[in-house]
Each structure stands twice: as C-alpha cells, then as structure tokens.
Amino acid sequence: MPQHPQILEPDDLNPNQREAVMHGEGPLLIIAGAGSGKTKTLVHRVARLVAEGVPPDQILLLTFTRKSSQEMLRRATLLLDSRCQNVSGGTFHAFASAVLRRFAGRLGYTEQFSILDRSDAEDVVQLVKQDPKFADVGKRFPKKNTLADIFSKVRNTQSRIPEVVGKSYPHFFECADRIAEMFEAYQHFKRHMQAMDYDDLLLELLNLLSTAPDIAKALQNQYRHVMVDEYQDTNGIQAEIMRFLVNSKRNICVVGDDAQSIYSFRGANFKNIMEFPTLFPGTRIVTLDQNYRSTQPILDLTNAVIARAKERYAKDLFTEKQDGQRPIYVETDSEGSQSKFIVQKILEYHEQGIALNQMAVLMRSGWHSNDLEVTLQAQGIPFVKMGGFKFIELAHVKDVIAFLRVIQNPRDRVSWQRILLLVEGVGPKTAEAIWLKIQSAFQSGLVPDASFFAGKSYSTSLEKLLSCIFNRQGGITPVAQLERIMETYKPIFKQRYEDFHKRQADLNSILTIAERYTSLDDFLTEMSLEPPDGSQVDVEAKDRDEPPLILSTIHSAKGLEWKVVFVISAIDGYLPSMQALDDIGQIEEERRLMYVALTRAKDYLFVIKPHIDWNSAQAYRNPGVRFSKLSRFLVESHIAEQWMDKWVIAERRQPRGRFGLESLPDTLDSGYSPDEDTRKYVL
C-alpha cells in the first residue's frame with residue numbers, strides 16, 4: 001500500500017495540474033501555457049508514478065537539456081525520496097548515444113565511435129571540400145559552415161538537397177548537384193572514421209529501431225512510461241523514435257506549448273504537437289492555463305496576439321495577479337532615442353530596487369541591439385549578451401579533447417589533424433602524410449611512432465606527442481589520461497596563446513569535470529552533447545558588485561523570465577523578419593516568436609518601435625527595403641490600441657542632467673502629434 005498520500009493526492013496543484021499528474025494509462029498531451037507550472041506538473045507526475053510502485057529505471061524522461069532533466073529529478077527526489085534519482089532522464093541525443101553504443105555493431109560501428117560537435121562537423125566538411133574531386137567548385141560555392149547548415153537541415157527535415165538549397169539558399173541553387181555529391185562524400189567520410197555528428201545520433205537510432213524489431217521490443221519492455229518535455233520543439237525524427245519506443249500500453253506523456261514552437265530553423269516541426277492525438281488515438285488532452293509569472297494586463301495582451309494564430313490549441317492564460325501596469329507601446333524618433341529611453345528606464349527601476357539581472361532587452365536578431373550596446377557602455381551599465389562560444393568550442397579546450405578522442409577512436413581523422421598541427425613545423429600537407437602513416441601502422445598491427453620521419457625538424461616533437469597518446473596503461477581513468485596529456489600540451493599551450501594564464505582556468509575545469517568519470521566514453525559523450533557553458537577568457541567584468549543586465553535574442557530567451565522586459569525594434573520587417581514575409585508558415589512562427597517575447601515579462605513590459613533613418617547604415621544593410629510600421633502582430637484587430645498604453649518619446653533641444661517625465665506641448669520636438677491618450681516621455 002503506498003505510503004505517500006501527499007504525492008498520490010497532491011493538494012498544492014491547481015485542478016488542471018492535478019488532472020495531468022493523476023492521469024492513468026494511455027497517451028497524455030499536456031498543453032502547458034507560458035508560466036503555467038509545467039515543470040512542477042512533470043515533477044509531481046514522476047514522483048506519483050514512483051510512489052505507486054513503478055520501478056524508477058522503467059520511466060524514461062526525455063528533455064532538451066541535461067540541466068532540465070537533472071533539475072526535475074532533483075525536485076522529484078525532494079518531493080518523494082532518493083528513488084527518483086534512478087529515473088532514466090536525459091536528452092534525446094544522450095539517450096541515442098547510450099543506445100547506439102550498446103548496439104553499435106548492428107549498424108557497422110564500433111562502441112568507441114566519436115561524436116562530432118558542430119565545429120568538428122564543419123572541419124570534416126572542410127576536409128571533404130579539399131578532396132581533389134571537388135577542386136572545380138570555385139569561390140562561388142558555400143563555405144563549410146553553410147554546407148554544414150544545409151546538411152543538417154536536410155536530415156532534420158528529412159528533405160532533399162535541392163529542396164533545402166532552393167528554399168533557404170537560392171543563390172547557391174546552381175550548385176545543388178555538387179552540394180549533393182559533397183553531402184554523400186561527407187556521410188562516407190564520417191562512416192569511415194567511425195564518427196557520428198549530432199544529427200546522425202537521432203537518425204541512426206531511428207534506423208536501429210526500425211530495422212531491429214528485437215531491440216525496439218527490448219526497449220519497449222524496459223520503459224513502461226515515456227515522458228517528453230518541450231514536445232513542440234521535436235523534429236520528425238524524434239516523433240518517429242517515440243512511436244517505436246512506446247509499448248502496447250501506450251503510456252506516453254508529452255508536455256509542450258504549440259504557441260512557443262519557434263525552432264523550425266533547427267528542424268523542429270510544429271505539426272508534431274498538433275498531430276500527436278492523431279499519432280496516438282485516444283489521447284487525453286489537459287490544458288494548463290493558469291499563469292504564475294505575469295500580471296493579468298500582460299496576459300491580456302499575449303492572449304490577444306496568439307488568438308489570431310491560424311492553427312492552435314485554444315487557451316486563454318489567466319492569473320491571480322490581477323493588478324499591474326498595462327504593457328507600454330513606445331514610439332521613438334530614432335534608434336538612438338530607443339537606446340536612451342531604455343537606459344533611463346533601467347536606471348529608474350534600478351533606483352527602485354530592481355536588480356539589473358531582473359531586467360532584459362529582447363530582440364529578433366542580434367544586430368538589433370548594436371546601438372543600445374554602445375549606449376549602455378557609454379553609461380557604464382554592465383550587461384551580458386546571451387550567446388557566444390560554448391566551453392567545448394574554445395580552441396585550447398578542443399586541443400586537449402582532441403588527444404582524448406584519438407585515444408578513444410584512432411580513426412578520428414579530424415582530431416588527428418588538430419593534434420598534428422600543434423607540432424611546430426607541421427602544416428596541413430605534412431599532417432595528412434603523418435596521418436596516413438599512422439593509419440598504415442594500425443592496419444599492420446603496429447604502434448605508430450615518429451621513426452618514419454627521422455631527421456625532420458619536427459621529429460622530436462612528434463615523437464613526444466605520439467608517445468603521449470600511445471604509451472599508456474590499459475584501464476587508466478580519464479583524469480589520469482588528461483594529466484599526462486597536459487604535461488605534453490603545456491609548452492605548446494604557452495607558446496600558442498598569449499593569454500594562457502586566463503585560459504589555464506579552463507584546463508583546470510576539464511580536469512575537475514573528468515574526476516567524475518571512470519569511463520573515457522562517458523566523459524567524451526558528455527563533453528560533446530552537454531558541455532559546460534562559459535570560459536575564463538574575457539569574462540572579467542569591470543563591476544562585479546551586481547549581476548549584469550541581460551540582452552538576448554528572443555530565441556535564446558525562451559524558458560526564461562524577468563521582472564522588466566523591453567522588446568526592441570518591433571517593426572514589421574524586423575519582427576516578423578523580412579525573410580518570413582512571403583511564407584505563411586514562417587509568418588505564423590514569427591507570431592509565436594512575438595508571443596514568447598511578451599510572455600517573458602513578469603511585471604513591466606515595454607514594446608518599442610523606433611523610427612528608422614534609412615539614410616543611415618540600415619539602408620546599406622537592406623538596400624531597396626524600407627520598414628517603418630509597427631509589427632503586424634500588434635496592429636491587427638487594433639491589439640496595441642486595446643491592450644497597451646502608448647508613449648511617444650521626444651528629445652529636448654537643451655541637454656538635461658537626467659531623463660524624466662514631464663508635460664509637453666501638443667507638438668513634440670520629435671515631430672509626433674500624439675492623441676489624448678498618449679503619454680509624453682521626454683529625454
């Protein structure tokens with residue numbers, strides 16, 4: 001008899017959350033509106049299943065980040081007990097990697113196959129481009145990063161090269177046949193070096209499940225309950241994988257919000273969440289529509305914006321936080337005025353006790369904040385722009401990881417290339433010759449050494465490098481292998497990087513992370529799929545007294561929240577993006593992007609439309625294009641007029657010591673003539 005009534009009959013959930021938590025067998029779709037407590041609902045459902053006696057290792061919880069799954073299981077453990085830590089939680093890619101390593105032989109791989117991160121994949125593309133058979137492609141051919149984008153989109157959307165190139169890269173359409181040939185060469189190259197990129201992990205897992213019914217059956221028996229978070233972000237391949245993983249009981253629970261499906265550029269398919277009830281007939285749909293984040297005036301606006309979506313699950317978010325400032329629509333006479341207004345409001349809110357990191361500026365594209373960044377720097381306001389290099393993408397980190405990858409998989413040509421180029425006197429052609437000799441030695445059953453390059457200027461250095469890699473004891477731990485590698489790498493490191501004293505902290509971090517692992521495969525898998533964020537290089541803020549203001553693209557802001565939010569450059573052609581204007585599907589995604597931006601705000605929301613001076617650099621950026629109207633998502637049905645207060649900004653002709661609100665004549669310095677309901681805000 002279960003001994004956890006607080007789990008089995010939770011009283012700290014609202015009725016819809018409780019319905020989702022207590023749902024029995026069969027498919028369940030939870031439509032979780034922004035800020036509606038979906039994580040809490042999933043946590044309670046996991047705890048409830050374990051409390052009722054479902055073995056934790058028979059529950060599979062799939063998320064899009066390892067941090068998400070770890071946080072859910074941590075909270076479930078606090079709610080119930082330590083059994084919840086044994087739930088099988090992780091990302092799609094980590095799950096795929098684990099299954100594929102178990103059954104790699106069935107697909108013609110070794111268990112030690114390498115996992116290529118994005119930059120590794122681009123390096124493979126570059127090596128393929130250097131093949132003599134592609135010597136004729138010329139300069140008017142996509143670069144490696146564009147080719148990697150095309151190859152990824154082809155597989156994630158299960159499309160063909162001409163279709164993807166024609167739609168997303170029409171200026172390269174005449175090269176489509178050669179791109180297709182290069183794609184086939186890229187696939188062959190990876191297979192030969194026993195490597196998979198991120199897309200391969202999902203595709204090969206689907207291939208395994210669809211061609212090996214015994215393995216699919218074994219996994220179905222292993223996992224009695226399958227749960228998926230952020231289902232609106234899945235692609236077609238992930239949806240197919242779910243179909244093969246779910247057993248005859250069809251105990252699959254997916255959580256998502258159709259209104260927040262904004263990642264089609266990564267291959268996410270909006271149709272997955274809309275068609276889930278068709279894929280799993282008899283699906284029970286539970287809608288979480290009580291919001292715990294925003295005030296009702298903000299929700300009134302967001303509900304109005306998403307209500308005009310062509311296809312959606314109907315819901316109107318509501319909250320008990322009925323009072324609050326109405327969202328503000330702000331018109332400014334220039335981007336400079338937009339920046340000054342934001343700075344002034346930030347200073348005002350900061351004086352009222354709101355921390356900088358509880359305020360965020362959101363934009364459709366990263367370059368929209370260029371003017372604002374200059375103004376923030378001039379005013380000495382610390383800020384951080386979300387994005388940038390991940391830890392694993394840093395050059396000095398990739399150097400060290402490359403050593404481990406060739407130890408794990410000696411056929412990893414990309415990692416060999418990186419390591420060999422560290423040797424002074426070795427260039428790309430020499431590195432290629434050395435690599436061929438190394439592979440030849442392996443095929444002959446020999447341990448490679450530098451004897452075949454005796455007399456060369458680099459032979460001594462090469463011998464040290466090869467000795468570091470091959471003179472090792474079996475069963476040595478990842479951290480011990482890294483310590484030996486560091487001894488060889490240290491003089492190279494100091495010579496290559498003038499700021500090595502800053503970068504050393506990153507190498508120390510690798511050692512600290514490695515201490516948690518006994519398996520090199522597990523360590524490299526985590527570093528490829530879920531690397532830590534950030535580096536010690538260039539992060540020394542001038543003012544460490546307070547966390548900084550947040551600047552972010554809307555895509556990067558999904559899942560986050562702030563007390564004060566500024567959505568900048570709300571111009572038709574910016575949001576929605578100009579590239580989306582001739583595609584109704586893309587327009588609908590842009591609407592969802594606006595919805596995501598608006599729903600990040602807890603208490604104060606400003607949407608700003610500057611007047612763009614097209615005699616400036618903007619005209620150079622978009623020649624022949626002129627955008628000046630407010631985003632259509634706020635114009636249609638008079639949404640802005642009905643649900644927002646309007647402010648118009650004008651700059652004084654005489655400089656002032658500080659910014660502020662005060663009454664103005666009817667005609668403002670900016671040239672605006674606002675109506676009676678418009679508030680005048682003077683800079």
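Heavy-atom basis, side chains included; hydrogens, waters and symmetry copies ignored. Quantities reported herein were computed from a predicted structural model and do not represent experimental measurements.
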Colleague: Is it true that Gln232 and Glu230 share a donor-acceptor pair across their side chains at a distance under 3.5 Å?
Modeller: yes
Colleague: What class does the angle between the rings of Phe92 and Phe64 fall in, given that below 30° is parallel, 30 to 60° is tilted and above 60° is perpendicular?
Modeller: tilted
Colleague: Do you see a donor-acceptor pair shorter than 3.5 Å between the side chains of Glu331 and Tyr329?
Modeller: yes
Colleague: Under a 3.5 Å cutoff, is there a donor and acceptor pairing between the side chains of Ser339 and Asp371?
Modeller: yes
Colleague: Does the Lys NZ or Arg CZ of Lys602 fall within the cation-pi geometry relative to Tyr604 - under 6.0 Å from the ring centre and within 45° of the axis?
Modeller: no
Colleague: Indicate whether any N or O donor in one side chain lies under 3.5 Å from an N or O acceptor in the other, for Ser637 and Arg308.
Modeller: yes
Colleague: Please enumerate all residues that pass ring pair (Phe, Tyr, Trp, His ring centres under 6.0 Å) together with Phe270, with sequence neighbours excluded.
Modeller: none
Colleague: Any side-chain donor paired with an acceptor under 3.5 Å for Asn235 and Asn269?
Modeller: no
Colleague: Please test Glu590 against Arg632 for salt bridge (charged side-chain N to carboxylate O under 4.0 Å, His left out), starting from the C-alpha separation and ending with a verdict.
Modeller: CA-CA 10 Å; Glu590 294 287 308; Arg632 65 189 64 190; over 6 Å; no
Colleague: Looking only at non-hydrogen atoms, find the nearest pair between Glu589 and Ser261 and report the distance.
Modeller: CG-O, 3.8 Å
Colleague: Shortest non-hydrogen contact from Asn16 to Asp289?
Modeller: ND2-OD1, 3.8 Å
Colleague: Between Asn291 and Ser36, do the side chains contain a donor N or O and an acceptor N or O under 3.5 Å apart?
Modeller: no
Colleague: Quick one about Ser119 and Lys398 (side-chain donor to acceptor, distance below 3.5 Å, no hydrogens or angles considered), yes or no?
Modeller: yes
Colleague: Indicate whether any N or O donor in one side chain lies under 3.5 Å from an N or O acceptor in the other, for Gln352 and Glu348.
Modeller: no
Colleague: Verify salt bridge (charged side-chain N to carboxylate O under 4.0 Å, His left out) between Glu641 and Lys646, making sure each step is shown before the conclusion.
Modeller: CA-CA 8 Å; Glu641 293 180 21; Lys646 183 179 179 182; over 6 Å; no
Colleague: Is it the case that Arg266 places NZ or CZ above or below the six-membered ring of Tyr263, under 6.0 angstrom from the centre and within 45 degrees of the axis?
Modeller: yes
Colleague: Does the distance from a Lys or Arg side-chain N to an Asp or Glu carboxylate O, for Glu588 and Arg312, drop under 4.0 Å?
Modeller: no
Colleague: Is there a donor in the side chain of Gln586 and an acceptor in the side chain of Asp583, or the other way round, less than 3.5 Å apart?
Modeller: no
Colleague: Between Lys340 and Glu335, is there a side-chain N and carboxylate O pair less than 4.0 Å apart?
Modeller: no
Colleague: Would Asp300 and Arg326 count as a salt bridge (charged side-chain N to carboxylate O under 4.0 Å, His left out) if you check the C-alpha gap in whole Å, the side-chain angles of each, and the deciding distance to 0.1 Å?
Modeller: CA-CA 9 Å; Asp300 290 339; Arg326 277 164 58 94; over 6 Å; no
Colleague: Is the distance from the ring center of Trp367 to that of Tyr574 below 6.0 Å?
Modeller: yes
Colleague: Taking all non-hydrogen atoms of both residues into account, name the closest pair between Leu317 and Ala34 and its distance.
Modeller: CD1-O, 3.8 Å
Colleague: Side-chain donor-acceptor pair under 3.5 Å between Asn14 and Tyr292, yes or no?
Modeller: yes
Colleague: Taking all non-hydrogen atoms of both residues into account, name the closest pair between Pro610 and Ser569 and its distance.
Modeller: CD-CA, 3.7 Å
Colleague: Using a strict cut-off of less than 4.0 Å between a Lys/Arg side-chain nitrogen and an Asp/Glu carboxylate oxygen, indicate whether Lys38 and Asp257 qualify as a salt bridge.
Modeller: no
Colleague: Using 4.0 Å as the upper bound for N to carboxylate O, is an ion pair formed by Glu561 and Arg600?
Modeller: no
Colleague: Mind checking ring pair (Phe, Tyr, Trp, His ring centres under 6.0 Å) for Phe606 and listing every partner two or more places apart, or none if nothing turns up?
Modeller: Phe341, Phe566, Trp647
Colleague: How close do Ala268 and Asp233 get, counting heavy atoms only, and between which atoms?
Modeller: CB-O, 3.4 Å
Colleague: What is the minimum heavy-atom distance between Ala76 and Cys84, and which atoms define it?
Modeller: O-SG, 3.6 Å
